[in-house]
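One structure is given below, encoded as structure tokens.
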Amino acid sequence: MPIERKVIAPEAIEAQREICAKIFERVAGDGQRPLAMVDTYGCQQNEADSEKIRGYLSEMGYGFTQDEFQADVIVVNTCAVREHAEMRVLGNVGALNHTKKARPGQIIAVCGCMVQQEHMAEKLKRSYPIVDLVFGPHELWRFPELLNQVMEKHKRVFATAKEEAVAEGIPLRRDGQVKAWLSIMYGCNNFCTYCIVPYVRGRERSRRPEDVVAEARALVAAGYKDITLLGQNVNSYGKDLDCGVDFADLIREINAIPGDFLIRFMTSHPRDATEKLFKTMAECEKCAHHIHLPVQSGSDRVLKRMNRHYDRAKYLEEIETARRYMPDLVITTDIIVGFPDETEEDFQATLSLCEEVRFDAMFTFIYSKRVGTPAATMPDPYTRQEKQLHFDQLTDLANRISGEKHREYEGKTLRVLVDGETGREEYNLSSRTNGGRLVHLKGDKSLIGRFVNVKITASNTWALYGEIVG
Ligand code: 5AD
Ligand code: SF4
């Protein structure tokens, strides 16, 4: 399928930044600092999009607040992957009625994956008159223009065009100075039958390797120590570019940037994870030994109906290959329980696969019907209660295995990156191992952003605890 891909001209982004300057004069020109609140739901990709929204807002002169009663502009960046997230968004947007009454003139914007679905944009238009601006992921690059229309014309603006593009040069405002998200591609081509993402985020579009590497270089120069390359399916990076650089090559190029930092990435699709990738991970000293490899189910029958393009045997073989290259590899996964018509036997196959792989951490979800996806029309005789029982069983197993794997770290000394404070007295700092496991420590907060060696003294299901050594 040829890719309808548009690259936003640099002049068009420049024009957006000029609108930011214009808004700045209007809202912040007299020395007063207006405030904005950006509320983010969902995945890391959404976090990365919110950094762009905050980047634009910063250029408009806005400071940031977490208090909706203080905010002149509120942006709610939404997720559509499960119904639960959508319900939370709608509940929270509805509650903004109070703040808007208390603060006339407040502008409320709702963006992200949820509003890219027609029925949701319609619902916001009809039932949420407090919402002034709605824009989908494809319109993010022209957020300043859209916001300006609301400000100047005092009318509601709805922008949910489907045209997919890649935009470079949008200003970013990152939270923190240790870890950074770096989007390397957008969209997904896989059409797993349960998933809404390809419908709301469009087809796979890779950023050019030179743009990605330049951004990574700038992050390292700015002192970031932990860079996570983001995409819905990073293993197919570059396929749409025809430039001869695949994902493994990209890792190698970033690894060559001088400096002491870690390269992480997510998410990998088992269909496209190659031996070349595992070999590259093992050979590149800056690449973390962690892979998030969502298996979704351990049953071949379910995997087929999910349109995942691999079976249990291929998945297990990949894990074996990966562990051959990196015996210390941390492996995490996503699993959906209660896919339409998932039988007891199918579920048992998932449990046995988890026992076999022994994932370091598992993110488990109960299947959520998404309008417009093929799975939404598949017959399903099982009740929510039955699914909940399976979900609880799987969670118990996940917790047991995580706890056991964490115990294996006790007594070992590991290099960790200190990334923040916990707010607790006894273990006041948090850090991550190379494989991404959480370690609580005691130490001075000047260590944030530094690599230290830690002896692991205790553990539980969720975290490790350690003492700094050397
Ligand atoms: N229902 C439940 N979980 C889902 N996921 C994606 N779509 C759905 C859905 N309709 C899960 C998958 C994916 C993760 C990000 O969310 O496990 O890997
Ligand atoms: Fe959704 Fe599948 Fe694409 Fe992941 S790979 S975003 S689960 S369609």
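Residue numbers count from 1 along this sequence. Each ligand, and each atom within it, is numbered from 1 in the order the structure gives.
For the pairing with Glu168, the salt bridge (charged side-chain N to carboxylate O under 4.0 Å, His left out) check across Arg207, Lys52, Arg205 returns one residue only, Arg207.
Taking the six-membered ring where tryptophan is involved, the planes of His440 and Tyr465 are tilted, since the angle between them lies from 30° to 60°.
The ring pair (Phe, Tyr, Trp, His ring centres under 6.0 Å) contacts involving residues 343-364 comprise His292-Phe363, Phe347-His390, where partners must be two or more places apart or lie in separate chains. A ring pair (Phe, Tyr, Trp, His ring centres under 6.0 Å) check over residues 310-345, counting only residues at least two apart or in different chains, returns the pairs His269-Tyr310, Phe339-Tyr367.
With hydrogens and angles ignored, the 3.5 Å screen pairs a side-chain donor or acceptor of Ser206 with a backbone N or O of Gly238.
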**OP:** Take Arg142 and Glu139, measure what salt bridge (Lys or Arg N to Asp or Glu O under 4.0 Å) needs, and give me the verdict at the end.
**Re:** CA-CA 6 Å; Arg142 58 188 199 107; Glu139 302 275 29; 2.7 Å; yes
**OP:** Would you please test Phe191 and Tyr199 for ring pair (Phe, Tyr, Trp, His ring centres under 6.0 Å) and show each step?
**Re:** CA-CA 8 Å; Phe191 289 96; Tyr199 303 89; 5.3 Å; yes
**OP:** Walk me through it: do Phe265 and Phe247 pass the test ring pair (Phe, Tyr, Trp, His ring centres under 6.0 Å)?
**Re:** CA-CA 10 Å; Phe265 57 86; Phe247 182 54; 5.0 Å; yes
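Ordered by chain and number, Cys192 SG make up the set of protein N, O or S atoms under 2.8 Å of atom 2 (Fe) of ligand 2.
For the pair Leu250/Val213, a side-chain contact is recorded, criterion being any heavy-atom separation below 4.5 Å from C-beta on.
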Between ligand 1 and the protein, find all N/O pairs closer than 3.5 Å and give the distance for each.
from	atom 1	to	atom 2	distance (Å)
ligand 1	1 (N)	Ser368	N	2.9
ligand 1	3 (N)	Arg82	NH1	3.3
ligand 1	5 (N)	Arg82	NH1	3.4
ligand 1	10 (N)	Tyr194	O	3.0
ligand 1	10 (N)	Ser368	O	2.8
ligand 1	16 (O)	Arg82	NH1	2.8
ligand 1	17 (O)	Gln296	OE1	2.7
ligand 1	17 (O)	Gln296	NE2	3.4
ligand 1	18 (O)	Gln296	NE2	2.9
ligand 1	18 (O)	Asp334	OD2	2.6

